[in-house]
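Below: the structure, in structure tokens.
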Amino acid sequence: MEGSERQEASKGDVLNSLIGGIICFFTMMILPGIMDMLFRQILVFLGIIGVMAFDSFRIAHAIIFFGITYLICGFLGGLYTGYKVEARLNLFLFITASIGFVFLVILLYYLGHLTLPNVYVDVIIPALAGSFIGVYLGGYTIIWPYRHEEETSTSNINLDLGSGKTEE
Amino acid sequence: MKLGLPRLPLLIFLLIVCISLILGFSIIYFTVATNRRGDYLSLNNDVLSVNFPINWFALTWESSNRSLGGKVFSLIIFPPDKFSAISIQVYDKVATERFFIEGKLSDPAAIAYQDAQRFFDWILEKNENASVISIVNGTAYAGASRNIARYSKIIIRNGFKSSDGKYYNMSCIVLSFINEDNLVRIAFWGKQEDYEDTFEVFQRILSDLVVKGYGGK
């Protein structure tokens, strides 16, 4: 019985990490477009939209989008996986991040965007870094208080065998 | 009472977001500060040196033909609040030779005239009511080194339809010249009113333009 329960728990965890990956992927489809529009509006408002012609702008754009787009997408996927998965969190977070990123690359391939110049600097590298770092940060954000409590309760247990009471 | 400890991963996440914003905008700030010339930005690379208004959209890209060779550097700039645009294309030596051979053209004057015709055909596809008011051909100085460029200027009646359904005339001027084995094609087009409003900017861009040897070394 225990073995089959563990198997079911594993299957459930795999499914949840897949769903987390899909959340990550869907947000990566939607959020970059919205953020790009906002970002350009900010540059227009500041009157410096012409800076887009420079190579250094491409690097700045990649750094900003890593933080405000892909990291957030990974974080949301990681939050879900961290909330749902009970054991072997590292493995399932890795699955979540991989699914989010790989699905994005497949989408870019079918849209023909992988042949665009500078797609690696503009999209691939920020998405790769953002999805993996974001997923792990999201997953550990959920479990952090429980890990911390586990560590502190384990270190403070003091068994008083004489009186039969336990103190924590 | 136990104090609620902040979740460290969440703090790290927020810190990374803040750092990425600060770093990214710092790079943008330094780029603007380094290249600003009053109300203009100076774009200086291996292909050309051009000044354009800081508050205009500007995009650059390089396209290449892997099988036949040759590269073309392109720049397009346009204001955010008017319907006009300027494009500059610089062909390297191989692309220049291919362009003349494939187009069966002999000189820049023919290129400019053909481009003007092509522009009108493009407008006609979008609006059957468009018609040519005038085409003027001539020569002009282009660039800081005062290359002699051939130009064709075309004015098209009802060439532009606005969102409220009104028709406006369109103007387009196309220039082409050869600079050290490199073909340079420049186009400036727009709704007539916006074209006239931004013509001064175009003249300044044209007079400051420096085309460097591209792909020849």
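Lettering follows sequence order; numbering is per chain, from 1.
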Could you measure the distance from the [atom1] atom of [X] to the [atom2] atom of [Y]? Nearest 0.5 Å is fine.
{"X": "Phe66(A)", "Y": "Leu23(B)", "atom1": "CZ", "atom2": "CG", "answer": "11.0 Å"}
{"X": "Leu14(B)", "Y": "Phe75(A)", "atom1": "CG", "atom2": "CZ", "answer": "7.0 Å"}
{"X": "Leu137(A)", "Y": "Arg7(B)", "atom1": "CG", "atom2": "CZ", "answer": "13.5 Å"}
{"X": "Ile68(A)", "Y": "Cys18(B)", "atom1": "CD1", "atom2": "SG", "answer": "12.0 Å"}
{"X": "Leu11(B)", "Y": "Trp144(A)", "atom1": "CG", "atom2": "CH2", "answer": "10.0 Å"}
{"X": "Ile49(A)", "Y": "Leu59(B)", "atom1": "CD1", "atom2": "CG", "answer": "8.5 Å"}

Residue selection (most heavy-atom pairs with chain A, distance under 4.5 Å) from [options]:
{"options": "Trp56(B), Phe30(B), Tyr40(B)", "result": "Trp56(B)"}
{"options": "Val32(B), Leu43(B), Leu21(B)", "result": "Leu43(B)"}
{"options": "Asn35(B), Ile77(B), Ile76(B), Asn45(B)", "result": "Asn35(B)"}

Side chain, backbone, both or neither: which part of [X] has a non-hydrogen atom closer than 4.5 Å to chain A?
{"X": "Ser42(B)", "answer": "backbone"}
{"X": "Phe57(B)", "answer": "both"}
{"X": "Asp39(B)", "answer": "neither"}
{"X": "Trp61(B)", "answer": "neither"}
{"X": "Phe25(B)", "answer": "both"}

Count the heavy atoms of every other residue, nucleotide or ligand shown that sit under 6.0 Å from [atom1] of [X], and state whether that count exceeds 12.
{"X": "Arg185(B)", "atom1": "CZ", "result": "yes"}
{"X": "Asp197(B)", "atom1": "CG", "result": "yes"}
{"X": "Tyr113(B)", "atom1": "OH", "result": "no"}
{"X": "Phe100(B)", "atom1": "CZ", "result": "yes"}
{"X": "Asp121(B)", "atom1": "CG", "result": "yes"}
{"X": "Lys161(B)", "atom1": "NZ", "result": "no"}
{"X": "Glu97(B)", "atom1": "CD", "result": "yes"}

Legend entry - chain B contact via Val51(A) - side chain, backbone, both or neither, heavy atoms under 4.5 Å: both

Inset, instruction - Measure Phe39(A) against the heavy atoms of chain B and call it side chain, backbone, both or neither at under 4.5 Å. - result: side chain

Determine whether [X] and [Y] make a side-chain contact, defined as any pair of heavy atoms from C-beta on separated by less than 4.5 Å.
{"X": "Leu8(B)", "Y": "Tyr140(A)", "result": "no"}
{"X": "Ile48(A)", "Y": "Asn55(B)", "result": "no"}
{"X": "Ile133(A)", "Y": "Phe13(B)", "result": "no"}
{"X": "Ile27(B)", "Y": "Ser56(A)", "result": "yes"}

Do you know the tightest heavy-atom contact between [X] and [Y]?
{"X": "Ile28(B)", "Y": "Ala60(A)", "result": "CG1-CB, 3.7 Å"}
{"X": "Ser20(B)", "Y": "Ile64(A)", "result": "O-CG1, 3.8 Å"}
{"X": "Ala58(B)", "Y": "Gly50(A)", "result": "CB-O, 4.0 Å"}

